**Q** 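Below: one structure in C-alpha cells.
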Amino acid sequence: MRRGGTSRIAGVYLLALAAALALCMGPAQLPSPLHNFGSGPGVAGAVIAGSTVTGTLGTPAFPQLRRRPATTAITTVSITLLGAGRLPAGTGGMVVRVLGGMLVGGTGTVLVAPDLSLLLSELAPDGPRGLVTAVFLGQSLSPLALRRLVRGTGLAAAFTWAGGAPAADAARPWPASPPA
C-alpha cells in the first residue's frame with residue numbers, strides 16, 4: 001500500500017471539505033432560484049431528490065470505474081461533476097437546466113465519497129483517518145460559509161463559485177508521492 005506525504009493527505013481532507021460545502025449548497029439554497037423561476041416547493045423537492053436518486057443509481061458503477069483510470073482521474077472527474085451540477089443554478093435559466101445540473105452533481109457525489117475514502121486509505125498511515133470528520137465539518141459549515149458568499153456576491157454568483165471552486169481544486173496538480 002502506497003503512503004503519501006502530509007500535503008497530499010491534507011489535500012484529500014480539503015477536497016472532502018470543499019465537496020461537502022458544494023454538496024450541501026443544493027438542498028440549502030436551491031429552493032430560492034427555483035422559486036424565482038416560478039416553481040413551487042414540490043419542484044424544489046423533486047429536483048433535490050433527483051440528485052440523490054442519480055447518486056443511488058450510479059453507486060453500482062463505482063467499483064468498475066475505480067479499476068480503470070488512475071485515482072486522480074476519478075477524483076478530478078467526480079469533483080468536476082459535483083461542481084458542474086451547481087453551475088446551472090448560478091447561470092440562470094430554467095428549471096429543466098437546474099434539474100439537469102443537479103442530476104450531474106448527483107453523479108459526482110456518488111463517485112466522490114468512495115473515491116476520496118479509498119484515496120485517503122492509500123495515502124494515510126493505518127488507523128483513524130478522519131475523512132468523515134472533514135465531510136461532516138463541510139456539511140455543518142456549508143450554510144454559514146455560503147451565507148457569507150451569497151451576501152457578498154449574490155445567490156447566482158455563489159452557485160457559480162460553489163460549482164467552479166471544487167472543480168478547480170480537483171484539477172490542480174497533486175504533490176508528488178514520496179518513494180514507497
Side-chain angles (χ1 to χ4, degrees), residues 13-65 73-117 131-172:
Y13 285 123
L14 287 173
L15 197 52
L17 181 74
L21 284 167
L23 172 67
C24 291
M25 186 177 195
Q29 303 289 333
L30 196 59
S32 184
L34 289 173
H35 176 74
N36 293 342
F37 297 148
S39 300
V43 172
V47 169
I48 294 166
S51 175
T52 304
V53 168
T54 302
T56 303
L57 295 176
T59 302
F62 182 77
Q64 287 296 92
L65 251 160
I74 297 272
T75 303
T76 301
V77 168
S78 63
I79 295 292
T80 301
L81 288 171
L82 173 62
R86 302 303 176 256
L87 291 175
T91 58
M94 56 188 162
V95 174
V96 174
R97 252 179 48 190
V98 173
L99 174 59
M102 291 301 287
L103 295 177
V104 167
T107 304
T109 300
V110 76
L111 297 175
V112 77
D115 181 62
L116 290 179
S117 182
L131 186 69
V132 173
T133 302
V135 170
F136 283 137
L137 181 62
Q139 290 174 352
S140 300
L141 292 177
S142 182
L144 301 172
L146 295 174
R147 179 178 182 197
R148 201 157 235 240
L149 181 62
V150 168
R151 282 187 175 171
T153 65
L155 187 58
F159 266 100
T160 302
W161 275 100
D169 187 43
R172 70 173 166 67

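Hydrogens, waters and symmetry mates play no part in the numbers below; they use all other heavy atoms, side chains included. Keep in mind the model is a prediction, meaning the values are calculated, not measured. Numbers here are sequence positions counted from 1.
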**Q** Could you grab the distance from atom OG of Ser78 to atom CG of Leu15, nearest 0.5 Å is fine?
**A**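 The CG atom of Leu15 is 7.5 Å from OG of Ser78, to the nearest 0.5 Å.
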**Q** Just by modelled atom types, is the Thr76 backbone N or O under 3.5 Å from a matching donor or acceptor in the Thr80 side chain?
**A**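 Between the backbone of Thr76 and the side chain of Thr80 there is a qualifying donor-acceptor contact (under 3.5 Å).
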**Q** Verify, without hydrogens or angle tests, whether Thr107 (side chain) and Leu103 (backbone) share a donor-acceptor contact under 3.5 angstrom.
**A**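 Flag set: sc Thr107 to bb Leu103 pair under 3.5 Å.
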**Q** On a heavy-atom basis, which atom in Pro88 and which in Gly85 lie closest, and how many Å separate them?
**A**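 Scanning both residues completely, I find the closest heavy atoms to be CD-O, 3.7 Å.
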**Q** Ser142 and Leu21: which non-hydrogen atoms are nearest, and at how many Å?
**A**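 Result for this residue pair: OG-O, 3.0 Å.
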**Q** Identify the heavy atoms of Ala157 and Thr153 that sit nearest to each other, and give their distance.
**A** CB-O, 3.4 Å
**Q** Any chance you could measure Leu155, atom CG, to Leu149, atom CG, to the nearest 0.5 Å?
**A**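 Here the rounded value is 9.5 Å.
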**Q** So, for Ile48 and Pro27, which heavy atoms are closest and what is the spacing to 0.1 Å?
**A** CD1-CA, 3.6 Å
**Q** Atom CZ of Phe159 and atom CE of Met25: how far apart are they, to the nearest 0.5 Å?
**A** 4.5 Å
**Q** Say you draw a straight line from CG of Leu17 to CG of Leu131; how long is it, rounded to the nearest 0.5 Å?
**A** 10.5 Å
**Q** For the backbone of Leu23 and the side chain of Arg86, can you confirm whether one donor and one acceptor N or O come within less than 3.5 Å of each other?
**A**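 At least one qualifying donor-acceptor pair exists.
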**Q** Could you give the distance from CG (Leu116) to CD1 (Ile79), rounded to the nearest 0.5 Å?
**A**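 Separation between the atoms: 5.5 Å.
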**Q** Before you tell me yes or no, could you show the steps for Val110 and Thr54 under side-chain contact (heavy atoms from CB on, under 4.5 Å), namely the whole-Å CA-CA distance, both residues' side-chain angles and the distance that decides it to 0.1 Å?
**A** CA-CA 8 Å; Val110 76; Thr54 302; over 6 Å; no
